[in-house]
Amino acid sequence: MAILLEFKYDKRLGLPGYSSHDFGVSMRTEVNNVDQIKEESERAYRLLQQSVDSQLSNPGFIPSENGKEHKQETKETNPDHWKVTERQRGLILKILNQNDLPESAVEEVAMEVVGSSMNSLRSGQASLVVGAILDRWGKHPISR
């Protein structure tokens with residue numbers, strides 16, 4: 001007996017000027033045994049999450065507070081001022097070092113992903129930035 005499973009994953013990111021970007025995907029799959037549901041659910045979640053995150057890593061137009069396009073400027077960056085945990089900071093610096101990248105690369109990712117600099121991240125945004133850095137330059141980057 002075939003069992004039909006349906007999955008949906010979506011995410012919304014808050015941006016400057018009371019704006020947001022959101023994206024979601026859904027899928028259907030079939031398993032032949034109840035024992036396969038857990039494994040298939042984990043696989044589907046991982047696949048859907050990676051798909052959504054890879055699309056949201058480039059938010060496109062970002063309005064500023066006055067409604068005009070926000071210019072994404074790369075600023076001098078000081079890792080000691082990043083609003084991330086010590087563990088996140090260490091991981092980011094390790095990845096930058098392994099890939100011979102400047103610290104300003106992190107600022108560019110932060111602006112692309114959440115629309116703000118590393119030293120003005122809000123709660124939850126740091127994890128999104130770290131995830132994007134891992135996707136781009138970590139050991140197992142997502143295929144694009």
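As the structure is a computational prediction, the values presented were derived from the model and not from experiment.
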Quiz prompt | Partner set under side-chain hydrogen bond (donor to acceptor under 3.5 Å, both in side chains) for Ser26, not counting sequence neighbours | solution = none

Go through the structure and list residues passing side-chain contact (heavy atoms from CB on, under 4.5 Å) with [X], not counting sequence neighbours.
{"X": "Asp80", "value": "Asn78"}
{"X": "Asp10", "value": "Lys8"}
{"X": "Phe23", "value": "Val25, Val52, Gln55, Leu56"}
{"X": "Glu86", "value": "Arg89"}

[X] versus [Y]: any side-chain heavy-atom pair under 4.5 Å?
{"X": "Trp137", "Y": "Val109", "result": "yes"}
{"X": "Asp22", "Y": "Lys11", "result": "no"}
{"X": "Ile3", "Y": "Leu5", "result": "yes"}
{"X": "Pro79", "Y": "Met118", "result": "no"}
{"X": "Met27", "Y": "Leu47", "result": "yes"}

Could you tell me which non-hydrogen atom of [X] sits nearest to which non-hydrogen atom of [Y], and how far apart they are?
{"X": "Glu107", "Y": "Trp82", "answer": "OE2-NE1, 3.7 Å"}
{"X": "Val84", "Y": "Ala126", "answer": "CG1-CB, 3.7 Å"}
{"X": "Ser116", "Y": "Met111", "answer": "C-SD, 3.3 Å"}
{"X": "Asn119", "Y": "Lys83", "answer": "O-CE, 3.5 Å"}
{"X": "Leu96", "Y": "Ala105", "answer": "CD2-CB, 4.4 Å"}

Self-check item: ILVMFWY cluster, Leu48 and Leu4 together (side-chain gap under 4.5 Å)
Solution: no

Quiz prompt | Within residues 25-37 or reaching into it, pairs that qualify as salt bridge (charged side-chain N to carboxylate O under 4.0 Å, His left out) - sequence neighbours excluded | solution = Glu6-Arg28

Quiz item: Do the side chain of Gln88 and the main chain of Thr85 share a donor and acceptor less than 3.5 angstrom apart?
Solution: yes

Quiz item: Testing Val130, Asp135, Val129 for side-chain contact (heavy atoms from CB on, under 4.5 Å) with Ile133, which one passes?
Solution: Val129

Quiz item: So with a 6.0 Å cut-off around CD of Glu39, is the heavy-atom count from everything else above 12?
Solution: no

Exercise. Could you walk me through whether Thr29 and Glu40 pass the side-chain contact (heavy atoms from CB on, under 4.5 Å) test, one step at a time?
Key: CA-CA 8 Å; Thr29 188; Glu40 185 62 19; 3.3 Å; yes

Any chance you could measure [X], atom [atom1], to [Y], atom [atom2], to the nearest 0.5 Å?
{"X": "Gln50", "Y": "Tyr9", "atom1": "CD", "atom2": "OH", "result": "10.5 Å"}
{"X": "Gln98", "Y": "Leu93", "atom1": "CD", "atom2": "CG", "result": "11.0 Å"}
{"X": "Leu101", "Y": "Ile92", "atom1": "CG", "atom2": "CD1", "result": "12.0 Å"}
{"X": "Ser41", "Y": "Gln36", "atom1": "OG", "atom2": "CD", "result": "11.0 Å"}
{"X": "Leu128", "Y": "Leu121", "atom1": "CG", "atom2": "CG", "result": "9.5 Å"}

Quiz item: Do Glu42 and Arg46 sit within salt-bridge range, that is, some charged N less than 4.0 Å from a carboxylate O?
Solution: no

Self-check item: Basic-acidic side-chain contact under 4.0 Å: Glu108, Arg136
Solution: no

